[in-house]
2 protein chains.
Amino acid sequence: MVLDCLSDPIRLAIVYQLAQQEGVSSELCCGDFNGLAGKSNLAYHFAKLRECGLMQTRVAGTNRFMRLRREDLDARFPGLLDAVIKSAAKDAERLQLLPEGEVVAAD
Amino acid sequence: MVLDCLSDPIRLAIVYQLAQQEGVSSELCCGDFNGLAGKSNLAYHFAKLRECGLMQTRVAGTNRFMRLRREDLDARFPGLLDAVIKSAAKDAERLQLLPEGEVVAAD
DNA sequence: CCCTATGTTCAACGTTTATCGAACTATTGA
DNA sequence: TCAATAGTTCGATAAACGTTGAACATAGGG
């Protein structure tokens, strides 16, 4: 179930952004992901991520703040989250570097 | 793509059995997985696993021997395969131990 | 040379999935 | 109180997925 959840590009991006917040506020609210998809689509993905235990939601007024369930995940799937995030980081690097290289060359 | 591949229970079982062969022959042939699904269904899953670079096929006579592409995977997704296999092992343990406990108690 | 065993390919199917817009709930601020 | 903001829920739709059986290819043994 967790692997299936992580295999969707939008959900992986959500998890990745949440992981980058670890050590800072550890939290992001729904609106912070508006660039990834429409609101109703995001709510769908949030529900899936919650269902399989990947994240947790805290309601504060009209906002919902979400965070990774890092400890539970590391206990049940040791090393998995780190490996996935590290791979996602490598991909993000590649995807950012390659187009820049072409744009600069075309200038 | 790799995560999507690993998120199917049959493909995960295939990868898991292949991982257990590492250090022994490192290979299994199609027929060794007949318990998991029908032949044509297995061929479909084999193709998916090959497509995303998880395994490799060697043809020998009327048999096809498959092996994990461990080195390539560890290079591109460090720690991922190990984490997934370790988690699968924990699950296999749970699934085997729980029923046995009840059978022994009912004896 | 045929027959069997091993796998793949193809077409069909039912199910699940992601996506969208519209309607809805609830909270905040004027 | 009214309007705006932040999210969720629902229904519909199109695409992708897993599964199956039948037909096909190919190698090995009698």
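Per chain, numbering begins at 1; letters A, B, ... match sequence-line order.
Taking atom CG on B:Asp32 and atom P on C:dT6, their separation rounds to 11 Å, with Å as the unit. In this structure, A:Glu51 places its CD atom 14 Å from C1' of D:dT9, rounding to the nearest Å. Counting to the nearest Å, the C1' atom of D:dT8 and the CZ atom of A:Phe65 are 17 Å from each other. A straight line from CG of B:Leu36 to P of D:dG18 spans 15 Å, rounded to a whole angstrom. The separation between B:Lys39 atom NZ and D:dC24 atom P is 16 Å, rounded to whole Å. A straight line from CZ of B:Phe33 to P of D:dT19 spans 16 Å, rounded to a whole angstrom. Atom CG of A:Leu42 and atom C1' of D:dT5 are 16 Å apart (whole Å).
Look at A:Asn63 and you won't find any side-chain N or O under 4.0 angstrom from OP1 or OP2 of C:dT27. Under 4.0 angstrom from either OP1 or OP2 of D:dT8 there lies at least one side-chain N or O belonging to A:Arg50.
The shortest non-hydrogen separation linking B:Arg11 to B:Cys5 is NE-O, 2.8 Å.
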message = What does the B/S/- profile of nucleotides 11-21 of chain C look like, 5' to 3', with a 4.0 Å heavy-atom cutoff to protein?
response = ------SBBBB
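Evaluation of the ring-ring contact (aromatic ring centres under 6.0 Å, His included) rule for A:Phe46 yields A:Phe33 as partners, not counting sequence neighbours. Remark: A:Asn63 pairs with no residue by the side-chain hydrogen bond (donor to acceptor under 3.5 Å, both in side chains) rule, at least two apart or across chains. In terms of the side chain to side chain contact (heavy atoms under 4.5 Å, CB included) criterion, residue partners of A:Gln21 (sequence neighbours excluded) are, by chain and number, A:Val24, A:Ser25, A:Leu28. Among residues two or more places apart in sequence or in another chain, the salt bridge (Lys or Arg N to Asp or Glu O under 4.0 Å) test is passed with B:Arg58 by B:Glu27. Residues passing the side-chain hydrogen bond (donor to acceptor under 3.5 Å, both in side chains) test with A:Asp32: none are found, sequence neighbours excluded. Every residue meeting the side-chain hydrogen bond (donor to acceptor under 3.5 Å, both in side chains) condition with B:Arg50, not counting sequence neighbours, appears here in chain and number order: B:Thr57. By the side chain to side chain contact (heavy atoms under 4.5 Å, CB included) test, A:Arg70 is found to be paired with A:Glu22, A:Asp74, A:Leu81, A:Asp82, A:Ile85, residues two or more places apart in sequence or in another chain being considered.
Between its two ends, the helix from C:dC1-D:dG30 to C:dA30-D:dT1 turns its axis by 10°, counting five pairs per end and rounding to 10 degrees.
Using a 4.0 Å heavy-atom criterion, one finds that B:Arg58 contacts no nucleic acid atom at all.
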Show me the protein contacts with nucleotides 27-30 of chain D, counting only N or O atoms at under 3.5 Å.
none

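Among residue pairs with one or both ends in residues 1-25 of chain A, none qualify as ring-ring contact (aromatic ring centres under 6.0 Å, His included); sequence neighbours excluded.
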Residues 34-42 of chain B, side-chain donor-acceptor partners within the protein, below 3.5 Å, at least two apart:
unit_1: B:Asn34; atom_1: ND2; unit_2: B:Gly31; atom_2: O; d: 3.3
unit_1: B:Asn41; atom_1: OD1; unit_2: B:His45; atom_2: NE2; d: 3.4

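Counting heavy atoms from C-beta on, the side chains of A:Arg76 and B:Ser87 never come closer than 4.5 Å.
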